[in-house]
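These values consider heavy atoms only, across backbone and side chains, with no hydrogens, waters or symmetry-generated copies.
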Amino acid sequence: MDLTLNTEMYNLYLGLPFPMLNVALGGGVGNRSLVCSTCDGLYTEESASQTFLNLGWPLVLGIFDVPVGYHQVAGKVRVPRPKAKWPTKALRSVSRPLLGRLPD
């Protein structure tokens with residue numbers, strides 16, 4: 001089974017160059033989708049967001065720096081509900097012993 005998670009993000013960040021440390025703070029929004037070769041059309045595209053922090057230490061007269069970063073990405077991929085309706089009477093008779101009385 002071929003399964004791929006596609007993420008497309010647009011970021012905006014603020015760079016703060018201090019003499020001994022370069023700091024970048026930012027965030028982004030975009031889309032995330034799950035592509036599956038055996039389950040086409042089952043998953044929908046959903047929104048995603050991210051925040052990040054990047055710290056860089058300048059080297060060689062400030063031309064290069066050594067970066068260290070932290071990224072947090074949040075998003076969901078939902079499975080649509082089936083279009084077929086559940087047989088409610090059969091479901092009530094099975095679930096009564098487990099859940100108690102269900103509303104009619």
Side-chain angles (χ1 to χ4, degrees):
M1 181 168 90
D2 188 24
L3 186 65
T4 305
L5 179 63
N6 293 333
T7 304
E8 182 179 288
M9 301 291 284
Y10 298 98
N11 297 319
L12 181 64
Y13 64 92
L14 174 65
L16 304 169
F18 294 111
M20 296 301 294
L21 182 67
N22 295 326
V23 178
L25 301 170
V29 294
N31 295 318
R32 180 178 267 186
S33 63
L34 191 64
V35 179
C36 176
S37 61
T38 59
C39 48
D40 283 340
L42 183 61
Y43 300 103
T44 59
E45 186 174 280
E46 294 290 330
S47 62
S49 63
Q50 90 169 359
T51 56
F52 61 90
L53 168 68
N54 192 11
L55 302 174
W57 288 269
L59 299 175
V60 189
L61 302 174
I63 298 173
F64 301 104
D65 69 348
V66 177
V68 175
Y70 174 76
H71 293 252
Q72 179 182 12
V73 179
K76 295 179 181 178
V77 176
R78 295 185 186 176
V79 178
R81 292 186 177 196
K83 293 181 181 179
K85 293 189 176 186
W86 291 91
T88 55
K89 288 185 180 181
L91 187 62
R92 279 193 190 106
S93 65
V94 170
S95 60
R96 271 195 186 131
L98 300 174
L99 301 175
R101 180 161 166 68
L102 293 176
D104 291 327

Checklist line | Residues in side-chain contact (heavy atoms from CB on, under 4.5 Å) contact with Leu55, at least two apart in sequence or another chain | finding: Leu21, Val23, Leu53, Trp57

Checklist line | Linked hydrophobic residues, Tyr70 as query - side chain contacts closer than 4.5 Å | finding: none

Item checked: Those residues that, when tested against Tyr10, pass side-chain contact (heavy atoms from CB on, under 4.5 Å) (two or more places apart) -> Glu8

Note to self: Suppose we screen for side-chain contact (heavy atoms from CB on, under 4.5 Å). Which residues come up paired with Pro67, at least two apart in sequence or across chains?
What the structure shows: Asn54, Asp65

Checklist line | Approximate separation, where rounding is to 0.5 Å, of Leu25 CG and Leu12 CG | finding: 11.0 Å

Item checked: side-chain contact (heavy atoms from CB on, under 4.5 Å) against Val73, all qualifying residues, sequence neighbours excluded -> Arg32, Gln50

Next item on the list: Please indicate whether Leu16 has more than 12 foreign heavy atoms, meaning atoms of other residues, nucleotides or ligands, lying under 6.0 Å from its CG.
Entry: yes

Notebook entry, point to check: What closest approach, in Å, do Gly56 and Pro58 show between heavy atoms, and which atom pair accounts for it?
Noted result: O-CD, 3.6 Å

Next item on the list: Using the test ring-ring contact (aromatic ring centres under 6.0 Å, His included), find all partners of Phe52 that sit at least two apart in sequence or belong to another chain.
Entry: His71

